[in-house]
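Heads up, the thing below is written out as structure tokens.
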Amino acid sequence: MRSFIAMAGVLGLLMLFSAPAAAQDEAKEHYMQGVALFEAGNYKAALAEFLESYEAKPNWKLFHTIAVCYFNLNRFVDAKNALDSYLEQGGDEIPEDKKAEVEEMVTQISKLTASIKLEVNVDGATVWIDDEKVGITPLKKNLTLDSGVYQLEITAAGYVKYKRDLKLAGGDKKEYVIALESKDGGTGDTGDTGDTGDTGDTGDTGDTGDTGDTGKKPPKDKKPPKDKKPRTKEQKLATGLLAGTIASGAAGLGAWGGVVGAGLQVQQAKDEFDGCLGNSACEDHYKDEGESMKTITNVLIPVASVLTAAAVGMGVGFAIVKKKSKESPAEKAEDKPAAGFVTVTPIVTADFVLIGVGGTF
């Protein structure tokens with residue numbers, strides 16, 4: 001993206017000089033030096049040369065190249081300002097393809113800059129960004145800044161200096177409402193009426209009510225939140241067993257689905273094998289395919305069996321623990337030790353299953 005913009009910006013200005021001799025020669029010399037520096041990747045030095053070229057002989061076309069330099073130096077606000085000058089001064093003389101290119105650059109820049117709106121309660125205050133004066137309040141338009149962290153300062157005669165950090169990401173649009181504090185302790189709306197806050201002593205007129213303060217009914221006491229009972233060990237264990245049951249069951253179903261699919265593949269290969277009798281190459285192909293499916297099935301069946309057994313075992317365990325967690329302590333004390341149970345994992349051979357599903361070789 002940047003290389004495309006850069007080359008388009010530089011090559012578009014090779015024929016822009018047509019002014020009287022002295023100014024033209026100086027402008028052209030700076031311009032050609034800028035092109036050499038730009039192609040070498042030294043955008044900072046190239047920018048200085050292009051600015052000198054514009055000063056020697058102003059030409060609106062240079063703003064495009066200057067904007068490209070700013071863009072490559074990550075000075076996106078300056079790039080946007082240069083593009084605005086390019087569009088404003090070029091007007092109808094700008095080719096349509098150049099306008100489209102500029103619009104693309106502006107879209108990219110909008111994602112790399114932030115807009116902030118400042119509302120300050122004092123007119124005539126000076127706004128500083130990183131020790132650089134950016135305006136006097138009220139600001140006529142929003143401030144546009146490259147994404148980053150800045151220090152905002154606002155100063156006004158008779159008011160305490162305001163400071164804060166601004167953390168701005170690309171595309172941010174933020175608004176800050178700031179009240180400067182008068183050095184005599186007030187804030188005020190315009191800087192002159194800040195002392196009127198002393199009239200607050202009239203608050204004693206609230207004696208007309210039963211509560212003696214403002215006549216308002218006292219707020220109702222809020223009911224304290226109910227304490228949540230901590231989860232017991234049985235409840236935690238039941239939750240774990242339920243999750244294990246679901247996970248093992250799902251995995252087991254998937255494994256059994258794989259067994260059935262492989263069995264069907266074996267049946268299909270067997271049918272193809274039977275149709276190839278007499279053709280040794282064809283027979284070998286479908287025999288090999290059938291054996292491969294059998295191998296896969298031999299792996300899947302034990303896995304599916306174990307997962308199924310695990311799901312059943314954990315499901316039974318979940319039911320027992322869940323029931324236990326609901327019993328009272330007295331009931332638990334009366335319980336006799338539960339008889340243990342053994343989960344038997346069925347042992348199934350691949351050939352046995354395949355015979356039932358689709359035959360074997």
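Predicted model only: the values in this text are computed from it and were never measured. Values reported hereafter were calculated over all heavy atoms of this structure, with side chains retained and with hydrogens, waters and symmetry mates removed.
One distance of note links CG of N42 with CD of E39; it measures 12.5 Å at 0.5 Å rounding. Interatomic distance, Y70 OH to I109 CD1, rounded to the nearest 0.5 Å: 12.0 Å. The line from NE2 of H64 to CG of L83 is 6.5 Å long, rounded to the nearest 0.5 Å. Rounding to the nearest 0.5 Å places CG of L139 at 10.0 Å from CD of E119. One distance of note links CD of E52 with CG of L47; it measures 10.5 Å at 0.5 Å rounding. To the nearest 0.5 Å, atom OG1 of residue T155 and atom NZ of residue K133 are 8.5 Å apart.
The side-chain heavy atoms of Y86 and I94, taken from C-beta on, include a pair separated by under 4.5 Å. Using a 4.5 Å heavy-atom cutoff, the side chains of Y43 and F71 are not in contact. When side chains are defined from C-beta on, I129 counts as touching L152, because their heavy atoms get closer than 4.5 Å. The closest side-chain heavy-atom distance from D131 to E153 is below 4.5 Å. Side chains of T113 and K80 form no contact here, defined as non-hydrogen atoms less than 4.5 Å apart.
If you check the side chains of E55 and H30, you find no donor sitting under 3.5 Å from an acceptor.
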When the side chains of residues 160-177 are checked against the rest of the protein, which donor-acceptor pairs come out under 3.5 Å, sequence neighbours left out?
{"from": "D172", "atom 1": "OD2", "to": "A169", "atom 2": "N", "distance (Å)": "2.8"}
{"from": "K174", "atom 1": "NZ", "to": "K167", "atom 2": "O", "distance (Å)": "2.8"}

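In this structure, L37 is not a member of the same hydrophobic cluster as M32, with clusters built from ILVMFWY side-chain heavy atoms closer than 4.5 Å. When the side chains of ILVMFWY residues are joined at heavy-atom separations under 4.5 Å, either directly or via intervening members, L118 and L180 end up in a single hydrophobic cluster. A single hydrophobic cluster is seen to contain both L87 and F50, as judged by linkage of ILVMFWY side chains at heavy-atom distances under 4.5 Å, directly or through other members. Linking Ile, Leu, Val, Met, Phe, Trp and Tyr whenever their side-chain heavy atoms come within less than 4.5 Å leaves V77 and L73 in two separate clusters. Hydrophobic clustering (side-chain heavy atoms under 4.5 Å, transitive across Ile, Leu, Val, Met, Phe, Trp, Tyr) keeps W128 apart from I116.
In this structure a side-chain-to-backbone donor-acceptor pair under 3.5 Å is present from D146 to F76. For S85 (side chain) and N81 (main-chain N/O), a donor-acceptor pair under 3.5 Å exists by modelled atom type. At least one donor-acceptor pair closer than 3.5 Å links the side chain of T107 to the backbone N or O of E103.
At most 12 heavy atoms of other shown residues, nucleotides or ligands fall within 6.0 angstrom of atom NZ in K44.
Considering every non-hydrogen atom in both G91 and K99, the closest pair reads O-CE, 3.8 Å. What you find for F38 and C69 is that their closest heavy atoms are CD1-SG, 3.8 Å. Taking all atoms of both residues into account, the shortest heavy-atom contact from L62 to S53 is CD1-OG, 3.8 Å. The shortest non-hydrogen separation linking G34 to A46 is O-CB, 3.4 Å.
Every residue two or more places apart in sequence or in another chain was checked for a side-chain hydrogen bond (donor to acceptor under 3.5 Å, both in side chains) with T137, and none qualifies.
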